[in-house]
Amino acid sequence: MSALKPLVLYSHTTGPNPWKVAIVLEELQIPYETKFLEFPAMKAEPFVSINPNGRVPALEDPNTGVKVFESGAILEYLVETYDKEAKLHHTATSEKYLEKSWLHFQMSGQGPYWGQKAWFTYFHSEKNITSAIERYGNEIKRTLGVIDAHLKKTGKPYLVGDKISYADLAFIPWQSVLGWLLPDFDAAKEFPEWSKWNQRLLERPAVKKVLAEKAAASQKH
Ligand SMILES: N[C@@H](CCC(=O)N[C@@H](CS)C(=O)NCC(=O)O)C(=O)O
């Protein structure tokens with residue numbers, strides 16, 4: 001892949017979604033450069049011509065001319081375009097769609113709900129809205145429970161069997177801030193299969209590297 005021109009990842013110093021893209025880029029050893037965007041650049045041209053939603057991540061690939069937004073779509077683009085050896089995705093139809101199911105669960109069931117927990121706990125102008133904080137805290141526990149029960153039932157190390165995929169990795173950035181979202185919750189005790197899976201993912205060199213970069217970027221913020 002050394003002949004590739006670096007892909008451009010539009011990112012954010014603190015928000016979790018761009019970092020799942022960085023993890024997959026690192027795992028697949030695809031060259032890339034990161035451009036950090038803040039308000040108001042994220043909401044204005046030229047960026048909104050790449051992502052009309054005015055949020056990050058977005059990706060530009062000078063090798064293909066492709067521009068993609070929404071982190072899930074970006075992960076799919078990366079594995080379909082660059083994971084020729086299927087290191088991070090499954091090729092058999094049933095496994096391929098299970099993998100997509102988990103990715104969509106991450107995008108619709110983890111990201112927005114965990115994000116709302118952060119919002120109502122730390123950022124909303126009106127403080128102590130207990131019902132909202134409780135609702136989204138319970139949703140975090142519910143999604144952890146879904147994964148825990150699935151892993152327990154299958155007895156497999158990853159969401160889709162014995163092989164890791166981009167769908168597993170997509171969960172990492174939010175899970176890496178679980179202690180901030182639910183400081184008093186012992187997830188390892190309540191959800192041991194989830195915890196072992198999470199630990200397995202955290203031990204990967206690409207994941208360690210990206211989470212260290214994320215921590216460094218948020219310090220500068
Ligand atoms: N579903 C989108 C969510 C994107 C998103 O909310 N990104 C956050 C950073 S993690 C952002 O750009 N926030 C800035 C804003 O809300 O204006 C994705 O996964 O790409």
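Quick note: residue numbers are just sequence positions, from 1. Hydrogens, waters and symmetry mates are skipped; everything else that's a heavy atom, side chains included, is used. Every number for a ligand or one of its atoms is a count from 1 in the order of the listing. Model, not experiment: these values are computed from the prediction.
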Under 3.5 Å: N or O atoms of ligand 1 paired with protein N or O:
residue, atom, partner, partner atom, Å
ligand 1, 1 (N), Glu70, OE1, 2.7
ligand 1, 1 (N), Glu70, OE2, 3.4
ligand 1, 6 (O), Arg55, NH1, 3.0
ligand 1, 7 (N), Val56, O, 2.7
ligand 1, 12 (O), Val56, N, 2.9
ligand 1, 16 (O), Arg55, NE, 3.2
ligand 1, 16 (O), Arg55, NH2, 3.3
ligand 1, 17 (O), Lys43, NZ, 2.5
ligand 1, 19 (O), Ser71, OG, 2.6
ligand 1, 20 (O), Ser71, N, 2.9

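Residue Phe191 forms a side chain to side chain contact (heavy atoms under 4.5 Å, CB included) with just one option from Asn198, Asp148, Asp186, and that option is Asp148.
Judged by distance alone, the side chains of Asp61 and Tyr82 do bring a donor and an acceptor atom under 3.5 Å apart.
Under a 3.5 Å cut-off, the side chain of His150 and the backbone N or O of Leu159 do form a donor-acceptor pair. The closest donor-acceptor contact from the side chain of Lys84 to the backbone of Thr81 lies under 3.5 Å.
In this structure, Tyr136 has its ring center at least 6.0 angstrom away from the ring center of Trp119.
Using cut-offs of 30° and 60° on the angle between ring planes, the pair Phe105 and Trp102 is perpendicular.
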